Every structure is written in structure tokens, then in C-alpha cells.
Amino acid sequence: MKTKELTVQAFIAGVYVALSLFLMPYTFGPIQVRVAEMTLLLLFFNKRYSFGITLGCLITNLFSPLGLVDVVFGTFATAVSCYAMVKTKNTYLKLMWPAVFNGIIIGLELTVLFKEFPFIFNMFFVAVGEVIAVFLPGIVMKKKVLENPALHDFFS
């Protein structure tokens with residue numbers, strides 16, 4: 001990896017971590033909106049940003065009250081979301097993958113660890129948080145950025 005690429009990846013990871021830790025009460029738990037997941041929208045411009053996003057998620061999950069389990073499964077959920085987004089052509093489906101994968105994986109994780117709420121509850125609210133953090137901003141971005149070639153070049 002060249003120095004410029006490494007710097008960009010570190011910057012993306014740093015933004016992810018900073019947003020997550022700044023908004024800590026909303027980053028973890030059964031009802032969460034991990035605003036840092038908005039960095040997934042960078043994948044519309046360059047699939048290589050998956051590395052920085054996944055690294056940022058891994059570092060953030062080191063601070064999780066769920067411990068090492070969240071480092072493994074939370075990071076896995078984001079990595080799978082990145083992969084699916086990169087491989088999917090349809091914009092709306094691409095934007096839904098984080099809600100699907102995080103809803104299922106994190107919902108299951110929360111259910112197994114806490115048993116406070118049923119799986120459907122945990123899955124639903126984690127998925128809703130992802131829709132708020134990724135899908136809705138992605139729709140706005142599609143209209144404002146992706147359909148404007150000058151702005152698209154800026155983010156590439």
C-alpha cells in the first residue's frame with residue numbers, strides 16, 4: 001500500500017472511531033444508531049475504502065461494553081456489509097445490506113449475550129439504526145452527489 005493510500009485508509013478509520021466514540025451512548029446496545037456507519041457510503045466512490053471502514057469498526061469495537069465478542073462479530077458484520085455493497089449494482093439494495101447484516105449478526109449477538117430482549121426486537125432496532133445511518137443518507141447522496149459528475153470526481 002502506498003503512503004497516500006495508507007493515509008486515506010487511516011483517515012477513514014480515524015473518522016469512524018472519532019464519530020463512534022463521540023456518540024458513544026448511541027454506538028452500542030440494542031437500540032443504536034452508529035452514525036460512523038455512514039462512512040460505508042464512501043464505497044460508492046472506491047471499493048478500497050472497505051479496509052479503512054473495517055479497521056475503524058474494529059478499533060471502535062475495542063471500546064464496546066460487549067467485549068471481544070463485539071470486536072469479532074461486530075467487525076465481521078461491517079466487513080460483510082462492505083463486501084456486499086461493493087458487489088451489488090442496485091443502489092437501493094446496496095444501501096440495505098448494512099441493515100440486513102448488522103440487524104441479523106448484531107441482533108443475534110445482543111440476544112445471546114443479554115437475553116433481555118428477543119432476537120426480533122434486537123434485529124429490528126439494530127436494522128433501523130442502520131437505515132438511519134446508511135440508507136437514508138445514501139438516498140440523499142444518490143440524488144445530490146452520484147448524479148452530479150463534478151461532485152463524484154471530487155470524492156473518487
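Values in this document were obtained by computation on a predicted structure and should not be read as measured data. Atom set for the values below is all heavy atoms of this structure, side chains included, hydrogens, waters and symmetry mates excluded.
- Of all heavy-atom pairs between Pro98 and Val134, the closest is CG-CG1, 3.9 Å.
- Looking at residues two or more places apart in sequence or on another chain, you find a side-chain contact (heavy atoms from CB on, under 4.5 Å) between Leu113 and Leu66, Val69, Glu109.
- In this structure, Phe135 has no ring-ring contact (aromatic ring centres under 6.0 Å, His included) partners at least two apart in sequence or on a different chain.
- Linking Ile, Leu, Val, Met, Phe, Trp and Tyr residues whenever their side-chain heavy atoms come within less than 4.5 Å leaves Met85 and Val15 in two separate clusters.
- Going from atom NZ of Lys87 over to atom CG of Leu93 covers 14.5 Å, rounded to the nearest 0.5 Å.
- Scanning for side chain to side chain donor-acceptor pair (under 3.5 Å) contacts around Ser64 gives Asp70, with sequence neighbours left out.
- For Glu130, the side chain to side chain donor-acceptor pair (under 3.5 Å) criterion is met by no residue, not counting sequence neighbours.
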Exercise for the section: In sequence, state the C-alpha distance, the side-chain angles, and the governing distance for Leu41 and Leu95, and then conclude on side-chain contact (heavy atoms from CB on, under 4.5 Å). Expected result: CA-CA 8 Å; Leu41 299 177; Leu95 291 169; 3.5 Å; yes
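- For Thr88, the side chain to side chain donor-acceptor pair (under 3.5 Å) partners two or more places apart in sequence, or in a different chain, are Trp97.
- Listed by chain and number, the residues in a side-chain contact (heavy atoms from CB on, under 4.5 Å) with Ile132 are Val33, Val128 (sequence neighbours excluded).
- Residue pairs meeting the salt bridge (Lys or Arg N to Asp or Glu O under 4.0 Å) criterion with at least one member in residues 41-63, sequence neighbours excluded: Glu5-Arg48.
- A single hydrophobic cluster is seen to contain both Leu62 and Leu68, as judged by linkage of ILVMFWY side chains at heavy-atom distances under 4.5 Å, directly or through other members.
- Hydrophobic clustering (side-chain heavy atoms under 4.5 Å, transitive across Ile, Leu, Val, Met, Phe, Trp, Tyr) groups Ile31 together with Ile104.
- Counting only heavy atoms from C-beta outward, the side chains of Ile53 and Ile12 approach each other to under 4.5 Å.
- In this structure the side chain of Lys142 never reaches within 4.5 angstrom of the side chain of Phe44, judged on heavy atoms.
- Contact check for Gln9 versus Leu55: no side-chain heavy atoms found under the 4.5 Å cut-off.
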Counting only pairs under 3.5 Å, give me each side-chain donor-acceptor contact of residues 118-127, with atom names and distances, residues two or more places apart or in other chains.
from: Asn122; atom 1: ND2; to: Thr111; atom 2: OG1; distance (Å): 2.8
from: Asn122; atom 1: ND2; to: Phe117; atom 2: O; distance (Å): 3.4

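- Residue pairs satisfying the ring pair (Phe, Tyr, Trp, His ring centres under 6.0 Å) criterion with at least one member in residues 66-92, sequence neighbours excluded, are absent.
- Under a hydrophobic clustering in which Ile, Leu, Val, Met, Phe, Trp and Tyr are joined whenever their side-chain heavy atoms come within less than 4.5 Å, directly or via other members, Met96 and Leu136 fall into the same cluster.
- With a 4.5 Å cut-off on side-chain heavy atoms, Gln32 and Ile106 count as touching.
- Here Ala36 pairs with Tyr16, Leu19, Ser20, Arg34 under the side-chain contact (heavy atoms from CB on, under 4.5 Å) rule; sequence neighbours left out.
- Hydrophobic clustering of Ile, Leu, Val, Met, Phe, Trp and Tyr side chains at less than 4.5 Å, counting indirect connections, unites Val72 with Phe114.
- At a threshold of 4.5 Å between non-hydrogen side-chain atoms, the residues Phe28 and Asn61 count as touching.
- Between the CG atom in Asn102 and the OG1 atom in Thr78 there is a gap of 5.0 Å [rounded to 0.5 Å].
- Of all heavy-atom pairs spanning Phe101 and Ala77, the tightest one is CB-O, 4.2 Å.
- Residue Pro30 comes nearest to Leu110 through the heavy atom pair CA-CD1, 3.5 Å, listed as atom of the first residue, atom of the second, then distance.
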